[in-house]
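Here's the structure, in structure tokens; my notes come after.
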2 protein chains.
Amino acid sequence: MNKTRTSIVDIAHAAGVSKSTVSLVLQGSPLVNEKTREKVNALIGDLGYVYNRGAANLRQSKSKIIGIVVNDLTNSFFAELAVGMDMMVQSAGYVQFLAHSGESVDRQREVISSMRENGIAGLILSPARGTEASDIKPLADSGIPVVLVVRNVPGAKVSTLLSDNYVGAKAAIRHLISLGHSRIAFMGGFVDTAVFGERLRGYRDALAEANIPLNEKFVIHSAPSRAGGVAAVERMMVFAERPTSALCLNDAVAFGVCDGLRSSNIEPGKGFGIIGFDDVIEAKTAVPALTTVSVDPQGMGQRAAQLVLKQINAGQTDPESIVTSVRLVVRQSCGAPVKQLEELA
Amino acid sequence: MNKTRTSIVDIAHAAGVSKSTVSLVLQGSPLVNEKTREKVNALIGDLGYVYNRGAANLRQSKSKIIGIVVNDLTNSFFAELAVGMDMMVQSAGYVQFLAHSGESVDRQREVISSMRENGIAGLILSPARGTEASDIKPLADSGIPVVLVVRNVPGAKVSTLLSDNYVGAKAAIRHLISLGHSRIAFMGGFVDTAVFGERLRGYRDALAEANIPLNEKFVIHSAPSRAGGVAAVERMMVFAERPTSALCLNDAVAFGVCDGLRSSNIEPGKGFGIIGFDDVIEAKTAVPALTTVSVDPQGMGQRAAQLVLKQINAGQTDPESIVTSVRLVVRQSCGAPVKQLEELA
DNA sequence: CTTCTAATTTGGAACGTTCCAAAAAACAAG
DNA sequence: CTTGTTTTTTGGAACGTTCCAAATTAGAAG
């Protein structure tokens with residue numbers, strides 16, 4: 001309703017002091033007299049003053065905004081990641097521009113440039129598939145800290161926070177082997193992503209380690225989604241010699257694989273061992289409970305936020321690469337005889 | 001790296017014109033000569049100038065930022081809602097502060113006030129449980145359009161966009177009755193939310209309509225989550241006379257109910273009919289595919305964004321209340337003999 | 001070459017804050 | 001009552017834009 005919002009000079013005038021004094025009060029400076037501080041604070045409440053952070057940012061040429069771009073919010077792994085970041089960011093007194101790129105690099109570019117115009121202090125990016133170093137370069141060059149999370153971008157000279165995909169996949173396969181499986185599939189994912197490559201490498205090496213020959217047909221590509229899992233099973237069913245278990249690219253695929261098996265009257269966890277990757281919240285409550293490589297997305301989000309906040313505060317520091325450890329959580333879907341926990345470094 | 005980012009006066013100087021002219025170019029004004037426009041645009045590219053929207057906002061005392069607060073991003077219904085909003089907001093040339101309240105009113109209050117300091121043009125709020133009208137009042141009073149989505153807040157004099165929970169629930173129960181069920185449960189949800197109340201009312205009325213007496217025990221409260229669905233089934237299993245089907249508060253609960261039934265060796269869709277509410281993406285691909293009341297969260301998000309954008313552009317308008325229609329999507333989980341589609345107004 | 005009009009450009013004030021150097025006030029000591 | 005010291009307060013410039021009224025330039029007509 002108010003034509004013009006009340007500003008610092010309005011309350012200064014009302015309190016009979018200068019705007020500088022009010023500013024000092026706002027910043028909690030110890031320089032002001034206790035009496036004036038109280039008077040000013042009272043007026044602030046009465047007049048319904050709201051601080052204009054934009055103006056402050058302009059003057060100080062810095063901001064309290066962190067940009068976050070996530071490739072797919074509807075995937076609960078990334079949603080949890082976002083929630084973790086949110087927690088950290090808010091409690092550090094920052095706010096976030098949180099955007100969803102929907103795996104579109106164009107969209108992502110637009111969003112990043114819009115964030116740039118709005119003056120972000122740092123950016124956390126879970127890049128869309130096909131993101132190139134040049135998409136991030138201008139931002140990074142202008143001195144804004146950038147943290148890449150979950151997926152790496154080849155050639156980008158910025159900080160990264162990735163999970164240990166190789167070790168996780170290897171541990172999962174070892175576990176399946178220890179349960180007596182030898183025909184083990186790898187399901188889901190597109191070949192052009194780094195995550196897929198690393199997990200596949202873990203799969204291969206673990207098989208090699210156990211002298212199990214690799215059957216290329218057992219690497220079944222599909223969309224990294226629930227629907228993709230269903231599709232992968234359909235593809236598998238026509239094989240003459242079928243796998244008896246599978247490591248899935250992620251939990252979404254694993255759930256899809258369960259769905260697909262049921263459609264073919266195979267009971268997941270009994271007739272076929274399944275291991276996922278990520279450990280989203282539903283993994284625990286699903287039936288059968290999903291054996292999976294836990295990545296702790298929420299914790300990862302928090303760490304990413306911490307990292308970017310650290311870099312903002314430190315001015316400019318060198319890019320840092322963190323690999324977060326990962327652990328296999330054994331539940332029912334792999335058909336393990338007993339419930340047991342295996343920890344990894 | 002640059003000590004100070006290049007501003008409008010830098011390019012003005014380089015181009016040998018005044019800052020006003022550059023500003024005109026930036027705004028795409030038809031007043032500037034084609035030659036100067038080109039020269040300026042070239043320099044903008046060369047010098048790596050980035051527009052400072054904050055400064056512009058300060059001058060014009062308006063902003064291109066929309067605040068969005070969602071109670072639970074890890075619930076895929078709300079995640080999709082957020083994605084829908086995101087699409088609309090971005091394509092209107094706005095950016096969004098998207099925050100997650102985690103069902104905490106305190107958190108929500110903090111977040112809203114922080115958004116206010118940062119100068120949002122409008123707010124879309126999917127309120128945390130227990131939100132009161134007073135939490136929104138100051139914002140609305142200061143003339144910032146607020147749209148409440150999914151959940152209403154009693155006493156708040158702002159626009160709302162809600163789905164037709166009553167009609168949807170009624171349709172679902174009618175369908176179960178038409179399949180021959182008479183012992184129908186209502187599962188999931190806490191009694192203090194409006195959504196729960198409306199859906200429950202639809203359940204009651206549909207039963208009354210068919211002269212089926214209401215068994216209070218068949219209304220089984222639980223958390224509105226997958227885990228809550230599992231819990232509800234456990235509670236149900238001890239009944240002497242058990243329901244043969246259930247309407248669930250939402251899809252998450254419905255999936256949990258499926259999980260719970262399987263644990264008790266009941267095949268969802270065969271031994272027990274299940275209907276969800278929301279129609280999240282996984283509903284279609286799950287096994288059995290979930291019969292559910294489709295709310296189209298993404299579309300709802302888009303409409304909410306449109307509404308708030310409309311109000312921003314229109315200056316101040318009266319609060320508007322929209323109820324979005326809803327339709328029953330019949331799939332496998334209700335045990336329907338044939339696949340059929342029933343449309344509602 | 002004037003004069004008139006249309007097209008283009010331009011200084012400065014303003015937006016709401018912070019920062020700085022300096023002024024004013026309060027207090028202490030001589 | 002000085003003088004010195006400490007505490008508190010204060011104008012104005014600055015941040016990067018937009019807006020306005022006014023100035024300048026270009027073009028047309030006489």
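Just so it is clear: chains get the letters A, B, ... in the order the sequence lines come, proteins before strands, and each one is counted from 1.
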D:dT8, OP1 or OP2 - any side-chain N/O from A:T21 closer than 4.0 Å? no
Compare every heavy atom of B:G122 with every heavy atom of B:I144, then report the nearest pair and how far apart it is. CG2-CA, 3.6 Å
Using whole Å, report how far CD of B:E34 lies from P of C:dA7. 15 Å
Please tell me whether A:T74 and A:D72 have a donor and an acceptor in their side chains that are separated by less than 3.5 angstrom. yes
Measuring from the side chain of A:A56 (C-beta onward, heavy atoms only), which nucleotide among D:dG16, C:dT17, D:dT17 has the closest atom? C:dT17
Can you check whether B:Q60 has a side-chain N or O nearer than 4.0 Å to OP1 or OP2 of D:dC19? yes
Which pair of heavy atoms, one from A:I65 and one from A:Y94, lies closest together, and at what distance? N-CD2, 3.9 Å
Salt bridge (Lys or Arg N to Asp or Glu O under 4.0 Å) between B:E103 and B:R151: does it pass, once the steps are laid out? CA-CA 12 Å; B:E103 296 289 8; B:R151 298 173 172 178; 2.9 Å; yes
Under a 4.0 Å heavy-atom cut-off, which of residues 9-20 of chain B touch DNA chain C? B:V17, B:S18, B:K19, B:S20
Using whole Å, report how far CG of A:L58 lies from P of D:dA13. 17 Å
From CA spacing to verdict: side-chain contact (heavy atoms from CB on, under 4.5 Å), B:M115, B:N118: CA-CA 5 Å; B:M115 284 180 173; B:N118 281 279; 5.7 Å; no
Apply the test side-chain contact (heavy atoms from CB on, under 4.5 Å) to residues B:L309 and B:I66: give CA-CA distance (whole Å), side-chain angles for both, the deciding distance (0.1 Å), then the verdict. CA-CA 9 Å; B:L309 287 167; B:I66 291 184; 3.5 Å; yes
Note the angle between the end axes of the helix from C:dC1-D:dG30 to C:dG30-D:dC1, five pairs defining each, rounded to 10 degrees. 50°
C:dT9 C1' sits how many Å from B:K39 NZ, rounded? 12 Å
Round to the nearest Å and state the distance from B:K64 atom NZ to D:dT17 atom C1'. 15 Å
Output the distance between atom CZ (B:R109) and atom OG (B:S134), rounded to the nearest 0.5 Å. 7.0 Å
To the nearest angstrom, the CD1-P distance between A:I8 and D:dG11 comes to 14 Å
Between A:N52 and B:T36, which has a closest nucleotide on DNA chain C that is more 5'? B:T36
Please determine, by modelled atom types, if A:S114 and A:E110 share a side-chain donor-acceptor pair under 3.5 angstrom. no
Pairing donors with acceptors under 3.5 angstrom, does anything connect the side chains of B:S321 and B:T160? yes
Go through residues 24-31 of chain B and report each residue with a non-hydrogen atom lying under 4.0 Å from DNA chain C, sorted by number. B:L24, B:L31
Round to the nearest Å and state the distance from B:Y51 atom OH to D:dG16 atom P. 14 Å
Stepwise side-chain contact (heavy atoms from CB on, under 4.5 Å) test for B:S142 and B:R116: CA-CA 10 Å; B:S142 68; B:R116 217 174 149 208; 3.7 Å; yes
Whether the A:D86 and A:Q96 side chains hold a donor-acceptor pair (N or O, under 3.5 Å, no angle test) is what I'd like checked. yes
May I ask you to evaluate whether B:S23 reaches the phosphate of D:dG16, defined as a side-chain N or O under 4.0 Å from OP1 or OP2? no
Regarding B:Q27 and B:S23, do their side chains bring together a donor and an acceptor under 3.5 Å, going by distance alone? yes
In whole angstrom, what separates A:R53's CZ from C:dG16's P? 17 Å
When the distance from NZ of A:K62 to C1' of D:dA14 is rounded to whole Å, what number comes out? 16 Å
Counting only side-chain nitrogens and oxygens, does A:S61 get under 4.0 Å of the OP1 or OP2 atom of D:dC15? no
